[in-house]
Structure formats: structure tokens, C-alpha cells
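The figures that follow rest on heavy atoms only: side chains count, while hydrogens, waters and symmetry mates do not. Sequential numbering from 1 along the given sequence is applied to the chain's residues.
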Amino acid sequence: MRILIIAACACLLAACSSDNSTSASTAMTRTSSGSSWFWPFGGNSGDAPATDMPQLGVNSYLWRATLDTLNFMPLASADPVGGVVISDWYAAPDKPDEHVKVTVYILDKRLRADAVKVSVFRQVRNPNGWADAAVNTDTGIKLENAILARARELRLSTTPQ
């Protein structure tokens, strides 16, 4: 037990050195590309993707735009690797007898118009409980367009001028 405590103290003391060399703790948490192995979306390696690291499975602009667009709805599930966002049932304050649920599929790592698919589900309350109802076909398309527009805004805001 004493040897283990002494070894831990030696490691901590070595990590506190004042020279500019890489400490042992930093070397253990960094990959060869310089990014943190712990952070699942890469580290501070700039624009170079780490090939041995888990990556965001979808386009990051589309992912962020989806979360921004659906921010008024409670989320039931969000999978950044698979690219699926599922909202919980949402009832608008002015229509308490109907609620909607949205599922967004991000299908590509590229920012493309066909990289996002939205499915909308709607239910209305009747005397027997909630029953499925028809959804206007334009609703999903309008949500897709809103997500794409927000993704373009995010991309333009991060692009150097």
C-alpha cells in the first residue's frame, strides 16, 4: 500500500514540473493527433480530424441546427452518433387538445439538403383518450427547411470572412 501511495505522489510531483515538456498526465490523455481521448467529439486539434477517435456521426451544423429549431419542445432522445433526435409530445398552449411529436434523422456528414429527414406525428384528444390524426404534409418539409436555414446560418457564422 505504501508503494502505491509513493508512486501516486511521484506522479503528481512529476506533473507539477515547471519546464515546458509534456507531463505524464497530459501524455496519457492525448492521442497522437493531439486531441483528448476522453472527449467523444474530438479535442483541440484544430481542423484535423482524429482517425482513431470517436467522432460525431453527422454534420455538426445540422445537429446544432436541429437542436436550435426544436428548442421549444421537450426532447425524449438525442443521439449525436446515430443522428436521431426524438422529441417528446408537445402541446401548444393555444391547442391543449392536440399534441405533436417530431423525429429528425440526420443522414449525412455533409451539409446537404437531403441530409435531414423530419417525421411529424400528431394526436388529438377525444372522449376515449388520444387518437392519431393526420398531419399536414408541409409540416415536415417546413421543419426541414428551418433546420437547413439555421445550419447555413451557423456555417456562415463560423466561416472566416
Side-chain angles (χ1 to χ4, degrees), residues 15 19-125 130-161:
D19 65 344
N20 291 333
S21 65
T22 304
S23 67
S25 63
T26 304
M28 290 184 346
T29 60
R30 300 277 175 190
T31 63
S32 61
S33 65
S35 61
S36 171
W37 67 270
F38 178 72
W39 184 246
F41 307 123
N44 298 332
S45 63
D47 294 331
T51 56
D52 58 343
M53 302 281 299
Q55 297 290 319
L56 186 64
V58 295
N59 183 280
S60 61
Y61 299 117
L62 287 173
W63 178 256
R64 185 71 235 166
T66 299
L67 296 178
D68 289 351
T69 303
L70 298 180
N71 69 353
F72 65 96
M73 300 179 85
L75 293 182
S77 174
D79 179 14
V81 177
V84 179
V85 177
I86 303 171
S87 76
D88 204 354
W89 289 104
Y90 170 75
D94 58 336
K95 295 183 180 182
D97 289 335
E98 79 174 42
H99 59 204
V100 295
K101 184 175 189 172
V102 176
T103 303
V104 179
Y105 303 97
I106 302 172
L107 306 170
D108 203 339
K109 286 190 173 196
R110 298 170 292 178
L111 180 56
R112 298 170 39 109
D114 60 352
V116 63
K117 168 94 173 90
V118 176
S119 298
V120 181
F121 307 95
R122 179 176 163 252
Q123 291 184 338
V124 294
R125 188 185 332 229
W130 293 99
D132 291 338
V135 178
N136 187 347
T137 56
D138 290 341
T139 305
I141 294 170
K142 287 179 181 179
L143 279 171
E144 287 175 7
N145 289 337
I147 291 169
L148 289 168
R150 178 67 181 140
R152 287 183 202 108
E153 288 174 7
L154 290 170
R155 183 170 186 263
L156 289 174
S157 69
T158 61
T159 305
Q161 302 288 330

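- By the side-chain contact (heavy atoms from CB on, under 4.5 Å) test, R64 is found to be paired with L67, D68, L154, residues two or more places apart in sequence or in another chain being considered.
- T69 contributes atom OG1, which lies 15.0 Å from atom NZ of K142 (distance to the nearest 0.5 angstrom).
- Within the 4.5 Å cutoff, the side chain of L107 has no heavy atoms near those of the D114 side chain.
- The shortest heavy-atom contact between A115 and L62 is CB-CD1, 3.6 Å.
- With rounding to the nearest 0.5 angstrom, the CD atom of E98 is 11.0 Å from the CD atom of Q123.
- Rounded to the nearest 0.5 angstrom, N145 CG and R150 CZ are separated by 15.5 Å.
- Using a distance-only test at 3.5 Å, with no hydrogens or angles considered, no donor-acceptor pair links the side chain of R122 to the main chain of N136.
- Taking all atoms of both residues into account, the shortest heavy-atom contact from G140 to V118 is O-CB, 3.8 Å.
- In this structure, the separation between NZ on K101 and CD1 on I86 is 6.5 Å, given to the nearest 0.5 Å.
- The line from CD1 of I147 to CH2 of W63 is 11.0 Å long, rounded to the nearest 0.5 Å.
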T103 and F121: side chain to side chain contact (heavy atoms under 4.5 Å, CB included), yes or no, with the steps? CA-CA 8 Å; T103 303; F121 307 95; 3.8 Å; yes
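- Residue P74 comes nearest to W89 through the heavy atom pair CG-O, 4.0 Å, listed as atom of the first residue, atom of the second, then distance.
- Here the closest non-hydrogen pair linking P96 and W130 is O-CH2, 3.9 Å.
- When all heavy atoms of V120 and V135 are compared, the closest pair comes out as O-CG2, 3.6 Å.
- The CG atom of N59 lies 5.0 Å from the CG atom of L111; values are rounded to the nearest 0.5 Å.
- The two residues L70 and V85 have their closest heavy-atom pair at CD1-CG1, 4.1 Å.
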